[in-house]
There are 2 protein chains.
Amino acid sequence: MTNLFENINDINIRKIKRFLRATTITYPKNVNVLSNVNQDDFIAIIDNGSVQFESTDYDGNKSIIETINTGGTFGSLTFPIDNEEISCITKEVTQITYIEYNSITNDEIIKTDSYIIFIKNLIKILSDQVNEKNNRIEILTKKTTRDKILEYFKQQASERGSKSFTIPISFTELANHLSVDRSAMTREISYLKDDGIIKTNGRRITLLY
Amino acid sequence: MTNLFENINDINIRKIKRFLRATTITYPKNVNVLSNVNQDDFIAIIDNGSVQFESTDYDGNKSIIETINTGGTFGSLTFPIDNEEISCITKEVTQITYIEYNSITNDEIIKTDSYIIFIKNLIKILSDQVNEKNNRIEILTKKTTRDKILEYFKQQASERGSKSFTIPISFTELANHLSVDRSAMTREISYLKDDGIIKTNGRRITLLY
DNA sequence: TGTAAAATGTTGCAAATGCAACATTTGTTT
DNA sequence: AAACAAATGTTGCATTTGCAACATTTTACA
């Protein structure tokens, strides 16, 4: 995953942050971060810690949208922060730096060498996000639970370059990612084993085709 | 939808295109555009016409991923163009301009005034894409067809700022967008009418809650 | 280390949904 | 205007799936 300040040295990071009117806030665990954010478009960088985007249904059902860890980025550019159904909860003590999107046209900063690197990093991050979403959509558009599971496994195998891999999340989280019932997913995974299509050992998966 | 060259005059558009080593190609109808694209990262802008991204399953099932019209943008930054399962088909005579992503650091162009506008447009386009995908995911993660339909209608109502709106696609395409069986969707829509939750008149929908 | 919380595994059952196979209407092209 | 293609509407049926309600194992943490 690309870091917003990748390939920029500390001095220039500080310089850029200054020009972009960056503010850094440290939050305790289990706090809703979005509640004290202003109206302007912003980009948030997690310096340390992690947050989880959660949405709450009209009938109170919570679902986890996304988890973002240290180095990760989120912002009003790519997420409707004024949406009351969505909250962004710190999962631990978390430090976040906010930069104002509008200040990226700041004349002074445009002339600095690090600026173009910064912009390229930003573009890279956004592109990666689109790609990630495309992968998720590719899974979710599959009609059956079986095909969703296999599509996820295929993506993992392709990322790791091997038909054998350990999934990086719990099965509970995986069910959430595929948007299927956990127990139905477990059931389908045993069918896949019965049919000789996969082998499993805990979270280690091997594709047999 | 943002155009990549929005707020840039024709002279500067030509200048930028020159610096970014832009090439323009006109394709006939029903041609796979991705087949003759090189390895470098690129951004494609549809000057005129429309294309459709299609994926073909292992057992030959075609599904439409996305339709992009005049002014729209796509590229290897946000889509794996080397994926053999995915093709990009022109739906009519279509003119496309390609720019090389790596040339956006071109020193000469950085100094031009229009450059920052161009970059901001690009960032805006990418952000919009992430937002669009988020909306789609919000729909697809709903468990029931009914909730998928209602989520789509809610998004439409919110975009138009009215509980009464005309959906911009056919019901066949909508079923595809929600990734549900078309006939099952039609059935569920009549239930929604029976339950007094919506009213319909052709593609015009009114939310009654 | 002990205890609570979270993750995992399993199964019955009702409800939802994909699929197939139609009829009918609307739109497009020559 | 005729002919064809695409979109829409409808229904029966088998299958899949969510849901609930458990038991068991693993992990977190005080």
Side-chain angles (χ1 to χ4, degrees), chain A residues 28-30 50 52 54 57 59-64 67 89 91-93 139-152 166-195 198-205, chain B residues 29-30 50 52 54 57 59-64 67 89 91-93 139-152 166-195 197-205:
Chain A
K29 186 178 170 175
N30 285 325
S50 61
Q52 208 163 60
E54 301 174 356
D57 265 35
D59 45 53
N61 290 334
K62 266 189 194 174
S63 72
I64 295 156
T67 305
I89 310 292
K91 300 323 282 178
E92 55 201 295
V93 175
I139 289 170
L140 295 173
T141 51
K142 297 275 185 267
K143 293 269 162 67
T144 64
T145 299
R146 171 173 285 225
D147 282 346
K148 285 179 179 144
I149 295 168
L150 288 177
E151 175 63 30
Y152 177 80
T166 303
I167 62 171
I169 53 178
S170 71
F171 283 103
T172 303
E173 287 169 299
L174 177 57
N176 215 291
H177 187 71
L178 311 186
S179 195
V180 296
D181 182 75
R182 187 191 56 77
S183 67
M185 186 188 78
T186 313
R187 181 168 42 199
E188 196 59 43
I189 287 179
S190 18
Y191 292 160
L192 282 168
K193 288 196 278 190
D194 293 348
D195 293 350
I198 62 170
K199 262 195 320 191
T200 76
N201 180 12
R203 291 183 188 170
R204 180 143 202 97
I205 314 286
Chain B
K29 187 178 171 177
N30 285 325
S50 61
Q52 207 162 60
E54 301 174 355
D57 265 35
D59 45 52
N61 291 334
K62 266 189 194 174
S63 71
I64 295 155
T67 305
I89 310 292
K91 300 324 283 177
E92 55 201 295
V93 175
I139 289 170
L140 294 174
T141 51
K142 296 275 185 271
K143 293 270 161 66
T144 64
T145 299
R146 170 173 286 224
D147 282 347
K148 285 178 179 144
I149 295 167
L150 288 177
E151 175 63 30
Y152 177 80
T166 303
I167 62 170
I169 53 179
S170 71
F171 283 103
T172 303
E173 288 170 298
L174 178 56
N176 215 291
H177 187 71
L178 310 186
S179 195
V180 296
D181 182 75
R182 186 191 57 78
S183 67
M185 187 187 78
T186 313
R187 181 168 42 201
E188 196 60 43
I189 287 179
S190 12
Y191 292 161
L192 282 167
K193 288 195 279 190
D194 293 349
D195 293 350
I197 296 172
I198 63 170
K199 262 195 320 190
T200 77
N201 179 13
R203 292 182 189 170
R204 180 143 203 97
I205 314 287

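If you're wondering where the values come from, they're calculated on a predicted model, not measured in any experiment. Throughout, protein chains are lettered first and strands after them, A, B, ... in sequence-line order, and every chain is numbered starting at 1.
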When the C1' atoms of the five terminal pairs at each end define the local axes, what inter-axis angle does the helix from C:dT1-D:dA30 to C:dT30-D:dA1 show, to 10 degrees? 70°

Taking atom P of D:dT16 as reference, at what distance in whole Å does atom CG of A:Asp147 sit? 11 Å

Which part of the nucleic acid, if any, lies within contact of A:Thr144, taking any heavy atom under 4.0 Å across all strands shown: a base, the sugar-phosphate backbone alone, or nothing? sugar-phosphate

To the nearest 0.5 Å, how far apart are CD1 in A:Ile205 and OH in A:Tyr152? 9.0 Å

Any side-chain heavy-atom pair of B:Ile149 and B:Leu178 under 4.5 Å: yes

What is the distance, rounded to the nearest whole Å, between atom NZ of A:Lys143 and atom C1' of D:dA14? 17 Å

Residue mapping more 5' on DNA chain C - nearest nucleotide basis, B:Arg182 or B:Glu188: B:Glu188

Check against side-chain contact (heavy atoms from CB on, under 4.5 Å), A:Ser170 and A:Arg203: CA-CA 8 Å; A:Ser170 71; A:Arg203 291 183 188 170; 3.3 Å; yes

Reading DNA chain C 5' to 3', which nucleotide is the first, and which the last, to come under 4.0 Å of any heavy atom in chain B? C:dT17 to C:dA20

Applying a 4.0 Å non-hydrogen cut-off, can you work out what B:Ser183 is touching in the nucleic acid: base, sugar-phosphate, or nothing? base

Side chain to side chain donor-acceptor pair (under 3.5 Å) involving B:Thr172 - partner list, sequence neighbours excluded: none

Atom NE2 of A:His177 and atom CD1 of A:Ile139: how far apart are they, to the nearest 0.5 Å? 4.0 Å

For DNA chain C, whose closest nucleotide is more 5', that of A:Thr172 or that of A:Asp181? A:Thr172

Nucleotide D:dT17, atom P - distance to CD1 of A:Ile189 in whole Å: 13 Å

Of A:Lys148, A:Arg182, A:Arg146, which meets salt bridge (Lys or Arg N to Asp or Glu O under 4.0 Å) against A:Glu188? A:Arg146

When rounded to the nearest 0.5 Å, the distance separating CD1 of A:Ile198 from CG of A:Leu192 is 4.5 Å

How many whole angstroms separate atom CZ of A:Arg146 from atom P of D:dT17? 10 Å

Quick check for you: to the nearest 0.5 Å, what is the distance between B:Leu150 atom CG and B:Ile189 atom CD1? 9.5 Å

Atom OG1 of B:Thr200 and atom CZ of B:Arg204: how far apart are they, to the nearest 0.5 Å? 11.5 Å

